[in-house]
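Take a look at the structure below.
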Amino acid sequence: MSKELAPRQATLSIWGGEEGVRIAGATQVPVVNSVAFGYDDLDRWRDVALGDAEGDIYSRNTNPTVRVFEEKIRLLEGAEAATSFSTGMAAISATLFALLEPGDRVVSVKDTYGGTNRLFLDYVPRFGIDVKLCDTSDQDSILAEIDAGCRLVYLETPTNPTCKIVDIELLARRAKAQGAVVVVDNTFATPINQNPLSLGADLVVHSATKYLGGHADTLGGALCGSADLVATVFAYREVNGATLHPDSAYMLLRGMKTLQLRVERQNANAMEVARFLDAHAFVERVFYPGLPSHPGHDVAKRQMSGFGGMLSFQLTGGFESVKTMLPRLRFAHRAANLGAVETTVAPPRTGSHVELSEQERAAMGIPEALVRYSAGVEDVADLLADLDQALAHAAERHTRHLTPT
């Protein structure tokens, strides 16, 4: 994509990375389902295999369709380089294991996705790596742990599932003073709402399964950032083998063409839903950075261009109220996913943090009565009416249960 034109995000989502890859006059990127790529010229074959010439050797390493996806997300995040993975967790785990070694120290926050949290609690320490998980809301504590020295700082903002916000620019600046690598999970925000690299991060990871694909029909992951760091992780992924399939890359590319349209609608819908829930008598608390009452609202307003399509809320009556309410929703999938065109709901107890015990969730500030709500692109009036009737049903059942017979 020509730098002189300086295309904006919506245009990059559609055209970015696609120049020079179409064939036979096709307007869409081809799906290249070839495991290997042949060469009659053995010298060129060797040059390509060693990375001294452009080309592909084996699709576990690189593939033409996959490369277009990588280039598109690279452009959207404003990165020097990008690589891809079979899933978001493959991207996260490969990044950690490629960059860390025994004796290193990692500083992160407690409020990360359940799979990420499990990596930090159960797997990374097995390799002699010290992991410090800080209270996400205690910025001074995070800064103090960074100042104590670390190899890597891993952040997630907004966090999953309570949408806490951390100040990327401040934490990245302090981390750089220690020579640490800063990694930010940008899945919830998307590159439409937030670009961590412009705030000082070194690497950005995505579960491309979510907003990038946007249609809940394919898995994928991505890593963007400095060329040297991405190359290090890519070398690990070549051996690890968690490769993005060309068919999945094509599906992600198709979804990304409407990324800005979807995210803008989801931002607007989530804001309306959050306001509605915030005023509802049966909702104890709403977690959404777009609300002025949210503790991270000011930071989110500074580092995000939109507040995202994700929110969560806590119901009166505990998990029984969740069990009563969720089946009543007509316009929401009850499933462990997010970022799709359809609204999706899930309690962390069965979805994002099912790997953790109730005590571990409580230690992370995740109440059992929490509902994670991924706003889709439906008409918001229908979403509000649907929530209203489901909440009324749950409230009536709760009141009946409390009333003596």
- Message: With a 4.0 Å cut-off on N to O distance, would you call R400 and E396 a salt bridge?
- Response: yes
OG1 of T324 to CZ of R328, rounded to nearest 0.5 Å, is 10.0 Å
Residue pairs passing the salt bridge (charged side-chain N to carboxylate O under 4.0 Å, His left out) test with at least one member in residues 332-346, sequence neighbours excluded, are none
All heavy atoms of C224 vs all of I73, minimum pair found to be SG-CG1, 3.6 Å
Q) Do I192 and Y211 pass the side-chain contact (heavy atoms from CB on, under 4.5 Å) test, and can you show the C-alpha distance, the side-chain angles, and the key distance before you say yes or no? A) CA-CA 10 Å; I192 303 303; Y211 285 100; over 6 Å; no
Nearest heavy-atom contact between V124 and L96 is CG2-CD1, 4.3 Å
The reported gap from CG in L229 to CG in L223 (rounded to nearest 0.5 angstrom) is 8.5 Å
So does D135 get a backbone contact from the side chain of K110, meaning a donor-acceptor N/O pair under 3.5 Å? no
Hits for side chain to side chain donor-acceptor pair (under 3.5 Å) against N61, two or more places apart or cross-chain, chain-then-number order -> none
State whether a side-chain donor-acceptor pair under 3.5 Å links N63 with D56. no
Worksheet item: Counting only heavy atoms not in R60, do more than 12 fall under 6.0 Å of its CZ?
Response: yes
Closest non-hydrogen atoms of S59 and F37, given as atom of the first, atom of the second and distance, are OG-CE1, 3.5 Å
Problem - Pairing of E18 and K257 as salt bridge, 4.0 angstrom limit - result: yes
Verify side-chain contact (heavy atoms from CB on, under 4.5 Å) between V109 and I142, making sure each step is shown before the conclusion.
-> CA-CA 8 Å; V109 293; I142 302 172; 3.8 Å; yes
* Asked: Checking S84 side chain against A222 main chain: does a donor-acceptor pair fall under 3.5 Å?
  -> no
Sorted by chain and number, sequence neighbours left out, ring-ring contact (aromatic ring centres under 6.0 Å, His included) with F276 holds for H280
Rounding to 0.5 Å, atoms CZ (R285) and OG1 (T316) come to a distance of 13.5 Å
Neighbour count above 12 (heavy atom, 6.0 Å) for I23 CD1:
no
Where the side chain of K176 meets the backbone of G200, is there a donor-acceptor pair that is under 3.5 Å apart? yes
Value for OG1 (T258) from CD1 (I14), rounded to nearest 0.5 Å, stands at 8.5 Å
If we only count heavy atoms from C-beta on, is the Y123 to S93 side-chain gap below 4.5 Å? no
Sorted by chain and number, sequence neighbours left out, side chain to side chain donor-acceptor pair (under 3.5 Å) with R265 holds for none
TODO: State, yes or no, whether a side-chain contact exists between V183 and P196 at a heavy-atom distance under 4.5 Å.
DONE: no
**Item:** Non-hydrogen side-chain atoms of M271 and Y288 separated by less than 4.5 Å
**Value:** yes
- Item | Side-chain donor-acceptor pair present, T218, S248, cut-off under 3.5 Å | yes
For a quick check under 3.5 Å, do T136 and D111 share a side-chain donor-acceptor pair by atom type?
yes
Closest non-hydrogen contact found for L311 with A270 is CD2-O, 3.6 Å
Practice prompt. Taking the side chain as every heavy atom from C-beta outward, state whether Q178 and I146 have any pair of such atoms under 4.5 Å apart.
Written response: yes
Quiz item: Does any donor atom in the side chain of Q194 or N186 lie under 3.5 Å from an acceptor atom in the other side chain?
Solution: yes
- Message: Quick test of your reading of the model: are E272 and R275 salt-bridged, counting only N-O distances below 4.0 Å?
- Response: yes
Only residue of M310, H294, M304 satisfying side-chain contact (heavy atoms from CB on, under 4.5 Å) with P158 is M304
(Q) Test your reading of the model: is there a side-chain donor-acceptor pair from T157 to the backbone of T159, 3.5 Å cut-off? (A) no
Exercise for the section: Please check if the side chain of S312 supplies one atom and the backbone of P161 the other of a donor-acceptor pair under 3.5 Å. Expected result: yes
Closest heavy-atom pair, G225 versus L203, reported as atoms and distance to 0.1 Å, is CA-CD2, 3.9 Å
| query | When you look at Y154 and V205, which way does the side-chain contact (heavy atoms from CB on, under 4.5 Å) test go after all the steps? | reply | CA-CA 10 Å; Y154 186 95; V205 292; 3.9 Å; yes
Should we say atom OH of Y39 is surrounded by more than 12 heavy atoms from elsewhere, each under 6.0 Å from it?
yes
| task | Check whether any side-chain N or O of Q9 sits under 3.5 Å from a backbone N or O of L76 as a donor-acceptor pair, and report yes or no. | result | yes
Those residues at least two apart in sequence (or on a different chain) that pass ring-ring contact (aromatic ring centres under 6.0 Å, His included) with F313 are none
If we only count heavy atoms from C-beta on, is the P347 to F319 side-chain gap below 4.5 Å?
yes
So CG of D130 and CG of L100: to nearest 0.5 Å the spacing works out to 11.0 Å
query = Counting distance only, does the side-chain N/O of S226 pair as donor-acceptor with the main-chain N or O of E80 below 3.5 Å?
reply = no
Under 3.5 Å, side chain of R397 to main-chain N/O of E320, donor-acceptor pair present?
no
Inset, instruction - Flag the pair R151 and E101 as a salt bridge only when some basic side-chain nitrogen lies within less than 4.0 angstrom of an acidic carboxylate oxygen. - result: no
Q) Under 3.5 Å, is there a donor-acceptor pair between the side chain of Q303 and the main chain of V166? A) yes
Residues passing the ring-ring contact (aromatic ring centres under 6.0 Å, His included) test with F127, sequence neighbours excluded, are F97
Looking only at heavy atoms, the pair that brings G376 and N269 closest together is O-ND2, 2.9 Å
dist T209:OG1 -> L252:CG (nearest 0.5 Å) comes out at 7.0 Å
Exercise. So, the side chain of H206 versus the backbone of A208: is there a donor-acceptor pair under 3.5 Å, distance only?
Worked result: no
**Asked** When you look at I92 and Y113, which way does the side-chain contact (heavy atoms from CB on, under 4.5 Å) test go after all the steps?
**Response** CA-CA 11 Å; I92 293 167; Y113 167 63; 5.5 Å; no
Would a 4.5 Å heavy-atom cut-off, applied to side chains only, mark V184 and L155 as touching?
yes
(Q) Do R67 and T62 have side chains that approach each other closer than 4.5 Å (heavy atoms only, starting at C-beta)? (A) yes
In the structure I gave you, are the side-chain heavy atoms of V107 and C134 within less than 4.5 Å of one another anywhere?
yes
Would R330 and D382 pass as an ion pair if we require N to O under 4.0 Å? no
Checklist entry - Any side-chain donor-acceptor pair under 3.5 Å between D185 and T187? => result yes
